[in-house]
Amino acid sequence: MSEETTKGLVRRTLSVIGYPHNQDVEESGVTIYKEESYNDFAQNDELAKFLKEQFASASKNLSGNKGAPDFTITNKALKTIIVIECKDDIKNHQTYCNLNDYKKGLGSEKEITAKAVNGALHYAAYINHGFDVIAIAVSGVSEANIKCSVFLLPDRGEYKDIKLLSDGDLTVISSFKDYQHRIDIEKGVFKEETEEVIKELKKYSAACNKFLRANGISPEDRAGFLSALVMAQTEEDSAYYRAVKNTVERIEKGEKFEDGLGKQAIGLLFNTTAGAKGALQNIWENIDDLSAMKEEKLEQYYNHILSSSLLKTPEYDTKYFTYGNNILSACSYSIYKNITLKIKNYPEVDIMGTFYTTFLKYAKGDTKDKGIVLTPKHITELFCDIAEIFLERKLDEKTKVLDICCGTGAFLIAALNRMDYNILTDISRSEKNKKQSRKEVRESCLLGVDNDEKMFALAYANMRFHGDGKSNLFCNSSLRKDDEVTRIYKGKKVTLYQEITANERPWDDEEEQRRWKRPIVGMTNPPYSLLNEAGKKNKSDKQTGKSELDFVYSMLSYLETGGIGIAIVPQSCAHSKADLQMRKNILENNTLLAVMTMPNKLFQDSKVGTATCIMVFRAGIPHNKSSKNVFLARWIEDGFVTVPHVGRYDKEETWLAIKQEWCNQLKGLADKNDTCYIRRIIEAEQPWLAELYVETDYTKLTEKDFESQLKKYALFKYMQEHGGDDI
C-alpha cells in the first residue's frame with residue numbers, strides 16, 4: 001500500500017468539493033501546495049513566503065530542519081490556512097483514543113512522525129500566529145476503509161485550544177466557506193446570539209402556558225392547540241398564513257393594528273370557508289394526501305380543540321400576546337413572531353425541540369403522568385452513529401427508519417438530517433441523483449407511531465418544518481398486542497403491522513417482497529413507567545403489557561431480519577426481576593448486541609431523574625444462535641453541564657471527541673479499558689449492565705467518595721434499626 005494512494009483520494013475529494021483542480025495554481029484566490037512546492041512561489045507571494053519561513057524548522061522529528069505537511073491550502077481572502085497530513089495505514093491515524101487528549105500535547109517525536117493526527121497538529125502549530133489553521137488528518141487507502149479527523153487550532157492558540165470539528169471519512173472535509181462559518185461558531189461569534197435565542201424561547205414557553213391557562217384552555221389541550229398553529233404556518237400558500245404574515249409585517253412597520261384574522265380565524269385555520277378548505281385540511285387532503293383514517297383522527301382532535309370559545313376577547317395581555325381581537329388570532333400572531341420566524345432565521349437552533357421541551361414542563365399532565373421523556377438532540381444523533389456502526393454502512397435513501405414512540409419526531413428528524421448529510425456529501429453522486437435521493441428519503445424512509453394525539457399532531461408539524469411532506473406518521477398503539485387497524489386499502493382492513501412492513505404494496509404479494517420493504521433501523525425512547533390508572537389496585541405497578549421493554553419487543557418485530565433496533569430505557573429494564581421474562585421474550589427472536597449506561601442527568605431538561613441505558617439489538621436472529629458476545633459500557637460522562645436558563649449543553653465543547661471515543665469502543669478501535677467497557681458472553685437471565693462486570697478504577701476514588709459511602713451506610717443502618725419512621 002502507498003501513501004500516494006491516500007493523497008490521491010484526498011485530491012479527488014478536494015476537487016469535487018470545489019477546491020482548485022490543479023496544484024500550485026491559484027484559482028479564485030485559493031492555492032493548493034503539495035509538500036514544499038510553496039518554495040517556488042515564495043519570492044512573489046506573501047502567503048507562500050510566510051509558509052516557507054514558518055516551516056523552515058518544522059521537521060516532525062524535531063531536529064530543527066525544515067518540514068511540510070502533505071498539502072497546504074491557502075486563501076487570500078481569509079485569514080485561514082488548511083494543512084493535511086496523510087498516512088496509508090489506518091492504524092497510524094492517532095495516538096490518543098480520546099481526541100480531546102491532544103489538548104495536553106502531541107506525544108513523542110516518534111508519534112508525531114508516525115501518526116496522521118499528531119503530524120497535522122504539529123504543522124498547524126507552526127503557522128497559527130496570524131492565521132486560524134484547519135488541521136486535517138487522513139488515514140487509509142480506500143474509501144470503504146478510511147478515517148479523517150478535522151481540527152481547528154485558532155490564531156495564536158495553544159494545544160489546550162485545539163478543537164475537534166469533525167471525525168469520520170472523507171465526507172467530513174468541507175469548503176473554505178464552511179470552515180470559516182465553523183470557525184466563527186467555535187470563536188463564539190454566534191454563541192451569545194444562540195444562547196439568547198434559547199433563553200428567550202424558554203421564557204416564551206412559560207408565557208404561552210400562562211396565556212393559555214388564563215384563557216381557559218385546559219392543560220390537556222394546550223400542546224395540541226399550539227401544534228395546530230405551528231402546522232398551519234407551514235402552509236405558506238394558505239389564506240390563513242398570508243393573513244398572519246401580512247398582519248405581523250404591518251405591525252412591525254408601525255402601522256395601526258387591524259386584525260387580519262378576526263372572526264374568520266377558525267375558518268381560515270380549520271373549517272371550510274366559502275367553499276375553500278382551511279389551512280389544516282388543505283395540508284392533510286391536498287398536499288400530504290393522508291389516508292382517510294389519519295385525516296379523521298386529526299379532524300376529530302382539532303374539532304374538539306378549535307371551538308368557538310377561541311373567538312372570545314383574550315385575557316392576560318403580555319409582551320408576547322399584544323395584538324389580536326380574539327384568543328386564536330392573538331396566539332397566531334404570537335406563534336408566527338416567536339416560533340415560525342425563528343425557525344426561518346435560526347436554522348441551526350432546534351427551535352421546535354427547545355420550545356416544546358420547555359412547554360411540556362409547564363403543561364401539567366403531559367410529561368410525568370404519561371411517562372414522556374424528550375430525547376436530547378445529541379443523543380438522537382448518537383443513535384444514528386450507532387445504527388451506522390452496526391449496519392456497517394451509512395444511512396441513506398435505502399434505509400427505512402422507524403420510531404414506534406416518536407413523540408415530537410426527534411429521532412426521525414435526526415435520521416433525516418443524517419441521510420441528507422450522507423447524500424449531499426457523497427462525491428460519487430450527481431446533483432440530479434442527490435435531489436431524487438433526498439426526495440425518496442422524505443417520501444418513504446421515515447416512519448413514526450405515537451398513540452398520543454397531541455404528540456402525533458406535533459410530530460406531524462415538526463416533520464413538515466423539516467421538509468417531510470409525506471409524513472409517514474401513525475396515531476395508533478404501536479404495541480403488537482394491539483395491532484390496530486390504520487386504514488381501508490382496496491376494501492381490506494390494514495393493521496399497523498401490515499402498513500409498516502408492506503409499505504403500501506398489495507397485500508397479496510409474496511412474503512419475501514413484503515419483508516424487503518420492512519424498516520431496517522428502529523430507534524425509540526418509550527414512555528417511562530406507565531403506572532396503573534388512579535383508583536386501581538397497586539398504583540405503583542406498571543400497566544400490564546406497557547413496560548418499556550414491551551415497546552422494545554414490538555419495535556423489533558417490525559424490523560427486517562438483521563435490522564438494528566436501538567432503545568434508551570430505564571436501567572431497571574436491564575436487571576430487575578420484574579422485567580426478566582420480557583428480556584427472555586426479546587432474546588428468543590433477537591440478539592443483544594450492546595448495552596451502554598448513560599449519564600444520570602441526561603434528561604434533566606425534561607425534569608426527569610430516571611437513570612437510563614441504551615440497548616442495541618439485531619432483529620430476527622435469536623440470541624442463542626449468535627455469539628452472545630455483548631458490548632457493555634459505562635458512558636456516564638457526555639461533557640454536558642447544566643447552565644441556568646439554558647439547560648444542559650456542551651459548554652466546554654468536548655462532546656464530539658467523547659462521542660467519537662464511544663464509537664471507537666463500539667468499533668473495537670479504542671484502547672482496552674476494563675474499568676469503562678468490556679465484551680462478554682451474556683445470557684437472558686443475567687443482568688445486562690456493565691457496572692456488574694467492569695473492573696473498579698480505585699485510582700479515581702477520593703476521601704470524599706469514602707465519606708459519602710460511610711454516611712449512606714450509616715443512614716441505612718439507622719433506618720434498619722428504627723424502621724425509618726422517624727426520618
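Throughout, residue positions are numbered sequentially from 1 according to the sequence presented.
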* M419 vs V401, side-chain contact (heavy atoms from CB on, under 4.5 Å): CA-CA, chis, key distance, verdict -> CA-CA 10 Å; M419 291 176 188; V401 176; 3.5 Å; yes

* Asked: What heavy-atom pair brings A387 and M523 nearest, and what distance separates the two atoms?
  -> CB-CE, 4.3 Å

* Check: N282 and S238 side chains under 4.5 Å, non-hydrogen atoms -> no

* Asked: Is any side-chain heavy atom of I217 less than 4.5 Å from a side-chain heavy atom of L310?
  -> yes

* **Non-hydrogen side-chain atoms of L229 and Y336 separated by less than 4.5 Å** => no

* **Side-chain touch F551/L479, heavy atoms, less than 4.5 angstrom** => yes

* Mind checking side-chain contact (heavy atoms from CB on, under 4.5 Å) for T612 and listing every partner two or more places apart, or none if nothing turns up? => Y528, I568, M598, L602, F603, T610

* **For M596, the option from L382, L632, V616 that meets side-chain contact (heavy atoms from CB on, under 4.5 Å)** => V616

* Asked: Going through the distances and angles, do K394 and D169 end up as a side-chain contact (heavy atoms from CB on, under 4.5 Å)?
  -> CA-CA 11 Å; K394 295 183 177 182; D169 56 23; 2.5 Å; yes

* Pairs meeting criterion salt bridge (charged side-chain N to carboxylate O under 4.0 Å, His left out) with involvement of residues 409-422, two or more places apart -> D385-R418, E388-R418, D420-R438, D420-R442

* To do: State, yes or no, whether a side-chain contact exists between L311 and I266 at a heavy-atom distance under 4.5 Å.
  => yes

* Structure fact -> Tightest non-hydrogen contact, residues L666 and A594, listed as CD2-CB, 4.2 Å

* Decide yes or no for M615 and V595: does some side-chain heavy atom of the first lie under 4.5 Å from some side-chain heavy atom of the second? => yes

* Structure fact -> dist C573:SG -> L549:CG (nearest 0.5 Å) comes out at 4.0 Å

* To do: Under the side-chain contact (heavy atoms from CB on, under 4.5 Å) rule, what do R222 and R213 come out as? Steps first, then yes or no, please.
  => CA-CA 8 Å; R222 291 173 198 166; R213 181 178 59 197; 3.3 Å; yes

* Please name the pair of heavy atoms, one in D396 and one in V441, separated by the smallest distance, quoted to 0.1 Å. => C-CG2, 4.3 Å

* Does E588 come within less than 4.0 Å of K584, counting only side-chain N to carboxylate O? -> no

* **From CA spacing to verdict: side-chain hydrogen bond (donor to acceptor under 3.5 Å, both in side chains), S227, Y302** => CA-CA 10 Å; S227 74; Y302 285 122; 2.7 Å; yes

* **pair Y240-F270: side-chain heavy atoms closer than 4.5 Å** => no

* So, is the end of the R618 side chain (NZ or CZ) under 6.0 Å from the ring centre of F390 and within 45° of the ring's axis? -> no

* Structure fact -> For R242, the side chain to side chain donor-acceptor pair (under 3.5 Å) test, sequence neighbours excluded, returns none

* To do: Locate the shortest heavy-atom distance separating S576 from R583; write the atom from each residue and the value.
  => O-NH1, 3.0 Å

* If you measure from the Lys or Arg side-chain nitrogens to the Asp or Glu carboxylate oxygens, is any gap between K481 and D550 under 4.0 Å? -> no

* Can you tell if the side chain of E236 reaches within under 4.5 Å of the side chain of T340, non-hydrogen atoms only? -> no

* Structure fact -> With sequence neighbours left out, the residues meeting side chain to side chain donor-acceptor pair (under 3.5 Å) with W662 are none

* To do: Spell out, as yes or no, whether a donor-acceptor pair under 3.5 Å connects the side chain of S557 to the backbone of S554.
  => yes

* Structure fact -> Shortest non-hydrogen pair, T375 vs A410, comes out as O-CB, 4.4 Å

* Sequence-distant partners of E285, side chain to side chain donor-acceptor pair (under 3.5 Å), two or more places apart -> none

* Asked: Could you go step by step and tell me if N433 and S430 meet the side-chain hydrogen bond (donor to acceptor under 3.5 Å, both in side chains) rule?
  -> CA-CA 5 Å; N433 176 271; S430 66; 5.4 Å; no

* Structure fact -> What one should report as the nearest heavy-atom pair of F411 and T524 is CE1-C, 3.7 Å

* To do: Please step through side-chain contact (heavy atoms from CB on, under 4.5 Å) for the pair R518 and K400, ending with a clear verdict.
  => CA-CA 7 Å; R518 289 189 181 198; K400 284 179 66 176; over 6 Å; no

* Structure fact -> When rounded to the nearest 0.5 Å, the distance separating CG of N451 from SG of C406 is 11.0 Å

* **side chain to side chain donor-acceptor pair (under 3.5 Å) against E299, all qualifying residues, sequence neighbours excluded** => none

